[in-house]
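Comments concern the structure below.
Values in this document were obtained by computation on a predicted structure and should not be read as measured data. In what follows, chains are A, B, ... by sequence order, proteins preceding strands, each numbered from 1.
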Number of protein chains: 2
Amino acid sequence: MDSTLKGTLHRRGLRMTPQRQLVLDAVRELGHATPEQVCSRVQATAPAVNITTVYRTLDLLEELGVVRHAHLGHGAPTYSEHQHRHVHLVCHHCGRVDEAPTELLSDVASRTLADLGFHLDATHVALSGTCVDCAHDDEDSADGAPEQDDTAPQEGAEGDR
Amino acid sequence: MDSTLKGTLHRRGLRMTPQRQLVLDAVRELGHATPEQVCSRVQATAPAVNITTVYRTLDLLEELGVVRHAHLGHGAPTYSEHQHRHVHLVCHHCGRVDEAPTELLSDVASRTLADLGFHLDATHVALSGTCVDCAHDDEDSADGAPEQDDTAPQEGAEGDR
DNA sequence: TTCAGTGCAAAGTTTTTGCAATCCC
DNA sequence: GGGATTGCAAAAACTTTGCACTGAA
């Protein structure tokens with residue numbers, strides 16, 4: 001069957017527009033991006049496109065199953081192609097997003113299912129932590145942020161908000 | 001050393017106030033709650049407390065290492081006691097939050113560290129999926145494809161957005 | 001031609017900031 | 001008493017909604 005965006009839209013009685021194609025292209029190119037990032041990308045080509053349209057189009061594309069969103073680090077959701085399935089690893093120091101195959105969580109998925117009956121969707125939410133570079137920075141230079149006092153030098157701390 | 005809130009504050013030259021105690025109590029009682037939920041809980045006892053104060057106090061408590069926040073499902077962060085470490089399993093149908101021991105992810109943590117140098121913080125972000133009850137509901141109401149068909153019909157209730 | 005789709009402006013939400021009054025130490 | 005804290009109001013950031021115009025089919 002027709003798997004183009006146009007085809008998918010027509011099957012539902014919806015219409016193809018340049019804006020929709022641009023939004024989808026932007027999502028594909030960016031990998032995983034917030035609505036605002038998508039908007040910027042789109043506006044690089046078509047400055048007139050409104051952010052409202054981007055929001056509406058992302059919602060629509062998600063409803064169509066063409067894209068999906070995941071909640072990385074802070075509040076802003078990020079959109080990516082639906083087929084582009086992988087586990088997100090977000091560094092909450094620098095915000096960088098690594099990717100890992102979904103198989104990474106298959107054992108965990110089995111366990112949550114067996115133990116709690118919980119069907120894990122590995123791609124929807126990101127795992128959080130510290131990336132290679134930031135871990136190194138911590139070791140090397142004890143630069144400007146010794147903030148973590150005596151309390152409990154746990155991993156998670158700032159990097160957010 | 002003094003591990004009371006008052007002690008922790010004084011060690012940093014900060015002051016103890018009833019509001020701060022109330023916010024901390026609320027976080028403890030609620031387990032994991034959004035700033036707004038914390039505020040409601042606090043206002044049940046002290047109606048005059050402003051939400052602004054709740055936000056500021058949560059930030060402060062986090063900086064002190066007393067509480068931490070995690071990003072469950074949608075945008076709103078939820079706060080919990082720092083010691084209260086576990087993996088969150090959020091159902092994106094009903095919004096329910098299950099908990100699992102952090103050991104659940106220890107193998108995964110080893111692998112991300114070995115493969116990518118990524119230090120996983122298991123407690124910061126929730127895993128997303130479908131809880132037992134919602135999975136059952138799906139079966140009952142039939143209509144096939146309980147697993148792979150996360151294509152279009154998801155995000156039912158208040159789980160998202 | 002028709003009505004889905006868009007842009008613009010205004011309204012919501014949620015969180016942050018400025019400041020004078022308050023109250024902890 | 002002095003300065004950290006608070007409450008209130010306004011601002012900022014992020015999304016959604018209403019509506020008249022535009023354009024895809």
Side-chain angles (χ1 to χ4, degrees), chain A residues 2 4-24 26 33-40 42-43 45-64 66-67 69 71-79 95 158 160-161, chain B residues 2 4-24 26 33-40 42-43 45-64 66-67 69-79 155 158-161:
Chain A
D2 189 350
T4 63
L5 178 54
K6 187 172 182 177
T8 306
L9 287 166
H10 284 189
R11 227 167 292 127
R12 305 255 298 226
L14 302 175
R15 297 174 184 174
M16 181 56 176
T17 68
Q19 287 90 336
R20 288 177 175 174
Q21 187 63 58
L22 286 169
V23 167
L24 178 53
T34 63
E36 198 149 353
Q37 293 172 317
V38 171
C39 189
S40 300
V42 168
Q43 290 181 335
T45 304
V49 174
N50 196 282
I51 183 135
T52 302
T53 300
V54 172
Y55 276 108
R56 283 190 284 223
T57 302
L58 286 172
D59 277 354
L60 174 64
L61 293 180
E62 181 153 40
E63 205 183 308
L64 295 175
V66 177
V67 306
H69 78 271
H71 298 281
L72 277 46
H74 76 304
T78 64
Y79 289 78
E158 25 51 35
D160 255 279
R161 190 159 304 279
Chain B
D2 188 348
T4 61
L5 177 54
K6 186 171 182 176
T8 306
L9 287 165
H10 285 189
R11 227 167 295 128
R12 305 256 298 225
L14 302 175
R15 295 175 183 173
M16 182 56 177
T17 67
Q19 289 90 335
R20 288 177 174 173
Q21 187 62 59
L22 286 169
V23 167
L24 177 53
T34 63
E36 197 149 354
Q37 292 172 318
V38 170
C39 188
S40 300
V42 168
Q43 291 182 335
T45 304
V49 175
N50 195 284
I51 183 131
T52 301
T53 300
V54 173
Y55 275 107
R56 282 190 286 225
T57 303
L58 287 172
D59 277 354
L60 174 65
L61 293 180
E62 181 153 40
E63 204 183 311
L64 295 174
V66 177
V67 306
H69 77 271
H71 297 283
L72 276 47
H74 77 306
T78 64
Y79 288 79
E155 326 299 281
E158 34 117 20
D160 248 76
R161 189 132 309 237

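Rounded to whole Å, atom P of D:dA25 lies 16 Å from atom CZ of A:Arg12. One can place NE2 of B:His71 at 16 Å from P of C:dT14, the figure rounded to the nearest angstrom. Separating the NZ atom of A:Lys6 from the P atom of D:dA24 is a distance of 10 Å, rounded to the nearest angstrom. Residue A:Leu60 contributes atom CG, which lies 14 Å from atom P of D:dT16 at whole-angstrom precision. Between B:Ile51 atom CD1 and C:dT14 atom C1' there is a gap of 8 Å when expressed in whole angstrom units. We find that CG of A:Leu58 is positioned 15 Å from P of C:dG5, with the value rounded to whole Å. B:Asn50 has its CG atom 6 Å from the P atom of D:dC8, to the nearest Å. B:Glu36 has its CD atom 7 Å from the P atom of C:dT15, to the nearest Å.
Of the residues near DNA chain D, B:Gly13 and A:Met16, the one whose nearest nucleotide (by heavy atom distance) lies more toward the 5' end is B:Gly13. Comparing B:Thr17 and A:Arg20 along DNA chain C, the residue whose closest nucleotide (by nearest heavy atom) sits nearer the 5' end is A:Arg20.
Residues A:Leu58 and A:His69 fail the side-chain proximity criterion, which asks for heavy atoms closer than 4.5 Å.
Of all nucleotides listed (C:dC24, C:dT17, C:dG7), C:dT17 comes nearest to the side chain of B:Thr52. Side-chain proximity of B:Arg56 to C:dG18, C:dT6, D:dT5: nearest is C:dG18. Here the nucleotide nearest the side chain of B:Tyr55, chosen from C:dT15, D:dT5, D:dG7, is C:dT15. Closest to the side chain of A:Arg15, out of C:dC3, C:dT6, D:dT5, is C:dC3. For A:Thr57, counting side-chain heavy atoms from C-beta on, the closest listed nucleotide (D:dG7, C:dT6, D:dT6) is C:dT6.
Side-chain N/O atoms of A:Gln19 include one lying less than 4.0 angstrom from OP1 or OP2 on C:dG7.
Judged purely by atom type and a 3.5 angstrom limit, B:Gln43 uses its side chain to pair as donor or acceptor with the backbone of B:Val49.
To the nearest 0.5 angstrom, B:Leu5 atom CG is 10.0 Å from B:Leu14 atom CG.
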Could you go step by step and tell me if A:Glu63 and A:Arg12 meet the side chain to side chain contact (heavy atoms under 4.5 Å, CB included) rule? CA-CA 11 Å; A:Glu63 205 183 308; A:Arg12 305 255 298 226; 3.2 Å; yes
Using the rule given for side chain to side chain contact (heavy atoms under 4.5 Å, CB included), can you reason through A:Leu9 versus A:Leu60, listing the C-alpha separation, both sets of side-chain angles and the distance that settles it, and then say yes or no? CA-CA 10 Å; A:Leu9 287 166; A:Leu60 174 64; 4.1 Å; yes
